[in-house]
Student: 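Provided herewith is a single structure, encoded as structure tokens, for subsequent inquiry.
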Amino acid sequence: MRNNILPLGSVVTLKDGDGTELMIITRGALIEENGQEAYFDYGSVIVPHGMVTPEHLYFFNRENVEEVIFKGYANEAEHAFASAYDQHIEDSGLPKASVY
């Protein structure tokens with residue numbers, strides 16, 4: 001089964017997490033890891049607080065999702081983005097960042 005990228009606004013919990021609910025606010029976020037650019041599938045904020053400061057933005061990948069509590073809004077543009085996401089990532093040549 002293909003694990004498609006979740007829409008913005010989706011709320012999830014993470015594997016090996018403490019049950020905190022995170023709302024996805026960005027996808028394909030670039031960071032610097034070990035001196036090179038890498039990406040995370042998702043950037044998120046804690047529900048219900050949101051982004052109190054930039055330091056309260058949390059990054060993770062599809063494989064880190066334990067449960068999807070709420071799936072965000074998906075229109076035609078979202079479906080097109082989700083369908084093209086994996087190819088865009090592959091074409092970028094960037095490595096995936098890891099959750100420590």
Side-chain angles (χ1 to χ4, degrees):
M1 180 175 138
R2 188 169 176 137
N3 189 6
N4 288 335
I5 197 78
L6 289 166
L8 297 175
S10 295
V11 177
V12 302
T13 59
L14 302 181
K15 294 176 184 172
D16 301 321
D18 63 3
T20 298
E21 295 179 356
L22 300 170
M23 178 181 285
I24 296 168
I25 63 167
T26 190
R27 297 171 294 184
L30 299 179
I31 60 126
E32 187 174 314
E33 183 176 67
N34 300 321
Q36 69 176 4
E37 211 170 42
Y39 76 94
F40 279 106
D41 287 323
Y42 303 116
S44 66
V45 293
I46 293 176
V47 173
H49 304 294
M51 191 169 92
V52 178
T53 68
E55 293 79 25
H56 289 96
L57 189 60
Y58 302 92
F59 297 99
F60 58 95
N61 293 308
R62 287 183 265 199
E63 59 269 18
N64 303 120
V65 173
E66 175 71 29
E67 179 183 5
V68 177
I69 296 168
F70 175 81
K71 193 168 182 181
Y73 175 71
N75 59 11
E76 287 182 34
E78 172 58 35
H79 291 295
F81 178 90
S83 294
Y85 180 82
D86 289 329
Q87 188 62 53
H88 286 304
I89 291 297
E90 185 178 322
D91 291 347
S92 77
L94 293 171
K96 183 178 270 192
S98 60
V99 174
Y100 301 113

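Side chains are part of it too, since the values below use all heavy atoms of this structure and drop only hydrogens, waters and symmetry mates.
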Student: Determine whether Y58 and T20 make a side-chain contact, defined as any pair of heavy atoms from C-beta on separated by less than 4.5 Å.
Tutor: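 In short, these two side chains do not touch, never coming nearer than 4.5 Å.
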
Student: Flag yes if more than 12 heavy atoms outside D91 fall under 6.0 Å of its CG atom; otherwise flag no.
Tutor: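 Yes, because the 6.0 Å sphere around CG of D91 holds more than 12 heavy atoms from other groups.
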
Student: Is the count of non-hydrogen atoms from other residues, nucleotides or ligands lying under 6.0 Å from K96 atom NZ greater than 12?
Tutor: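 Enclosed.
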
Student: Enter the distance from M23:CE to E21:CD here, rounded to the nearest 0.5 Å.
Tutor: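 Going from the CE atom of M23 to the CD atom of E21 covers 9.5 Å.
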
Student: Would you give the length of the straight line joining atom CD1 of I31 to atom OH of Y39, rounded to the nearest 0.5 angstrom?
Tutor: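 Result: 11.5 Å between the selected atoms.
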
Student: How close do A74 and P7 get, heavy atom to heavy atom, and via which atoms?
Tutor: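 Looks like CB-CG, 4.4 Å.
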
Student: About how many Å separate OG of S44 and CG of L14, when rounded to the nearest 0.5 Å?
Tutor: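 Rounded to the nearest 0.5 Å, the CG-OG separation comes to 7.0 Å.
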
Student: So, for P95 and E37, which heavy atoms are closest and what is the spacing to 0.1 Å?
Tutor: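 Looks like CD-O, 3.4 Å.
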
Student: List the atom of F59, the atom of G43, and the distance in Å for their closest heavy-atom pair.
Tutor: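 Shortest heavy-atom separation between F59 and G43 comes out as CD2-CA, 3.7 Å.
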
Student: To check you understand the geometry: which heavy-atom pair defines the closest contact between G35 and E32, and what is its length?
Tutor: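 Closest approach of G35 to E32, heavy atoms only: CA-OE2, 3.7 Å.
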
Student: On the 0 to 90° scale, with breaks at 30° and 60°, tag the Y42-F60 ring pair as parallel, tilted or perpendicular.
Tutor: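 Plane angle between 30° and 60°, so tilted.
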
Student: Mind running side-chain contact (heavy atoms from CB on, under 4.5 Å) on L57 and I25 for me, showing each step along the way?
Tutor: CA-CA 9 Å; L57 189 60; I25 63 167; 3.4 Å; yes

Student: In terms of relative ring orientation, are F81 and Y85 parallel, tilted or perpendicular, with 30° and 60° separating the classes?
Tutor: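 Rings of F81 and Y85: tilted, 30 to 60°.
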
Student: Would you check if the side chain of R27 reaches a backbone N or O of L6 as a donor-acceptor pair within less than 3.5 Å?
Tutor: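 Side chain of R27 to backbone of L6, a donor-acceptor pair under 3.5 Å: yes, one is there.
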
Student: Roughly how far, to the nearest 0.5 Å, is CZ of R62 from CG of D86?
Tutor: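 One finds 4.0 Å between CG of D86 and CZ of R62.
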
Student: Can you tell me how far apart CG (L94) and NE2 (H88) are? Round to the nearest 0.5 Å.
Tutor: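 Here the interatomic distance stands at 13.5 Å.
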
Student: Working note: S10 + F70, criterion side-chain contact (heavy atoms from CB on, under 4.5 Å); need CA distance, chi angles, decisive distance, verdict.
Tutor: CA-CA 5 Å; S10 295; F70 175 81; 5.6 Å; no

Student: With rounding to the nearest 0.5 Å, note down the distance linking CD1 in I46 to CG in L22.
Tutor: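 That separation rounds to 6.5 Å.
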
Student: Identify the heavy atoms of D41 and N61 that sit nearest to each other, and give their distance.
Tutor: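 Residues D41 and N61, closest heavy atoms: N-OD1, 2.8 Å.
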
Student: Write down the atom of I89, the atom of S92, and the distance for their closest heavy-atom approach.
Tutor: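 What the structure gives for the nearest pair is O-OG, 2.7 Å.
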
Student: I would like to know whether K15 and N64 meet side-chain contact (heavy atoms from CB on, under 4.5 Å); could you show each step before the answer?
Tutor: CA-CA 6 Å; K15 294 176 184 172; N64 303 120; 5.6 Å; no

